[in-house]
Amino acid sequence: MAVEIMDKIVSLCKRRGFIFQSSEIYGGINACYDYGPLGVELKRNVKEQWWRAMVVENEDIVGLDAAILMHPRVWEASGHVAGFTDPLVDCRQCKQRFRQDEIDPKKWEKRQCPACGNANVLTDARQFNLMFKTHMGPVEEDATVVYLRPETAQGIYVNYKNVMDSSRKKIPFGIAQIGKAFRNEITPGNFIFRTREFEQMEMQYFVKPGTDEEVWREWKDRRMAWYKRIGIHPEKLRFRQHGPDELAHYAKAAMDVEYEYPIGWKELEGIHNRTDFDLSRHQQFSGKDLSYFDDATRERFIPYIIETSAGCDRTVLTCLIDAYEEQKLENDTRTVLHFDPKLAPVKAAVFPLVNRDGMPELARKIMDDLRGEFIAFYDDSGAVGRRYRRQDEAGTPFCVTVDSQTLQDETVTVRDRDSMNQDRVAIRGLVPELRKRIWGK
Ligand code: ATP
């Protein structure tokens, strides 16, 4: 059942142009995906909502867009060169690779391979570094090695002084960034849940030591509230706190926001108290003073960092899964994506009921008005019922139809995706009406 839903979503994503396998005409490349016309809009809207909640609405948070390639010393300081590893295990029998920490402990005890079932065939675990390496410039030697960043956070840490000085921020303040990250995952999979190239939405909040625990608690609640605000079902969300044995080397406390995927409860975002680990290490490795001087108390300290680290692609997947419904109607089934209107790739579709009597011309004019505000889609082919279904499957919240009454009184019908109710709305009031229904203002 669970897998079935995932398969249906994967196939809908391809059919409707949300997400394609990368390089498909060459047979695809494992766990790499491309966002199609609908997917790119959905992803942009997710990012826009995150940026709004982080940067636009908070005077104490500013944005950043750091380079993917950074000085290799950054990754020594951060601990990634030495420790960003997963335990890799090979099966001697079927040649498959696994993460040892993902193998059922009972099977691991017998060294039983999870795929082929044979005992005593798994190799010992070796630590495998997840960073992608490449070379800067034409010479491929050790001195030219650079890494594709495995997280966006370090770009923020190394810029913390630049940002603070240029934007005249005082602690506490935050820096937000959305960008690509790369991890050579041993077991990518479950569609865009775990890929080797993905986008993160991270915010690093710099605080005075001693205030860190309270700020961490605040941020975990704010991040949970954000998922509800973008329309995710609250009963499918939960917190999971990391036990002391699970904490990363830099963390004093870690809380995951988890979602109940068809494959079970899994991490969607991590909220971490990273202490002064990062800035202390960068101070040590760069030799630059990264301490903060508090004018009011005349104290000098290395700020603590509270991090909120979300996966953008994983949020997109969550939105797709959470919105998906196969709804049984009287004599058929409709597939609907119940996206929050703010996230919907296409906000409205415009239909002339029939292709005559001046209806297409009027519908085109309405389409032009809507396009000045948001993405609208024009469709004049097939029965209107089928056109509604196509939009339901794309998650379009509103369908505007020009019919014969429109020619009499300059009103159109607005059909709501979720309730399937239709209201008549005057053409001149249509844009403000849709704006209100989409953004609530
Ligand atoms: P895991 O232990 O599952 O590999 P993690 O705990 O190391 O993941 P973080 O480093 O905390 O993950 O990354 C923050 C967020 O980035 C995750 O919550 C997730 O949403 C996203 N993320 C991490 N790795 C991937 C990936 N390979 N593909 C897609 N999203 C990812």
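Counting convention: from 1, in listed order, for ligands and their atoms alike. Here, residue 1 is the first one in the sequence, and each next residue gets the next number.
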D212 and Y205: side-chain contact (heavy atoms from CB on, under 4.5 Å), yes or no, with the steps? CA-CA 10 Å; D212 51 305; Y205 202 75; over 6 Å; no
Closest protein heavy atom to [atom], given as residue, atom name and distance to 0.1 Å:
atom                    : answer
atom 28 (N) of ligand 1 : T195 N, 3.0 Å
atom 22 (N) of ligand 1 : F198 CE1, 3.6 Å
atom 21 (C) of ligand 1 : G311 CA, 3.7 Å

Pull out every atom of ligand 1 sitting under 4.0 Å from any heavy atom of [X], numbered as shown with elements.
X    : answer
E185 : 24 (N), 26 (C), 27 (N)
S309 : 13 (O), 14 (C), 15 (C), 18 (O)
H272 : 11 (O)
E267 : 6 (O), 11 (O), 12 (O), 17 (C), 18 (O)
L268 : 18 (O), 20 (O)
F193 : 28 (N), 29 (C), 30 (N)

Ring pair (Phe, Tyr, Trp, His ring centres under 6.0 Å) evaluation trace for Y292 with F301: CA-CA 5 Å; Y292 175 82; F301 56 84; 5.5 Å; yes
Set out, in order, the CA-CA distance, both residues' side-chain angles and the distance that settles ring pair (Phe, Tyr, Trp, His ring centres under 6.0 Å) for F277 and H249, then state yes or no. CA-CA 9 Å; F277 175 82; H249 56 280; 5.2 Å; yes
How are the rings of F173 and Y160 set to each other: parallel, tilted or perpendicular (split at 30° and 60°)? parallel
H272 vs H242 aromatic rings, parallel, tilted or perpendicular, using cut-offs 30° and 60°? perpendicular
Would K170 and D295 pass as an ion pair if we require N to O under 4.0 Å? yes
Structural part of [X] in contact with ligand 1, heavy atom criterion under 4.0 angstrom:
X    : value
E258 : neither
Q200 : side chain
R194 : both

Centres of the Y33 and F191 rings: under 6.0 Å? yes
Between Y147 and F132, is the gap from one ring center to the other below 6.0 Å? no
Would you call [X] a ligand 1 contact, heavy-atom distance under 4.0 Å?
X    : value
D313 : no
E151 : no
R99  : yes

Whether K220 engages the ring of F239 as a cation-pi pair (distance to the six-membered ring centre under 6.0 angstrom, angle to the ring normal within 45°) should be assessed. yes
Using a 6.0 Å distance limit plus a 45 degree cone around the ring axis, check whether R415 lies over the aromatic ring of Y388. yes
Counting heavy atoms only, which of R183, E102, K266 comes nearest to atom 23 (C) of ligand 1? R183
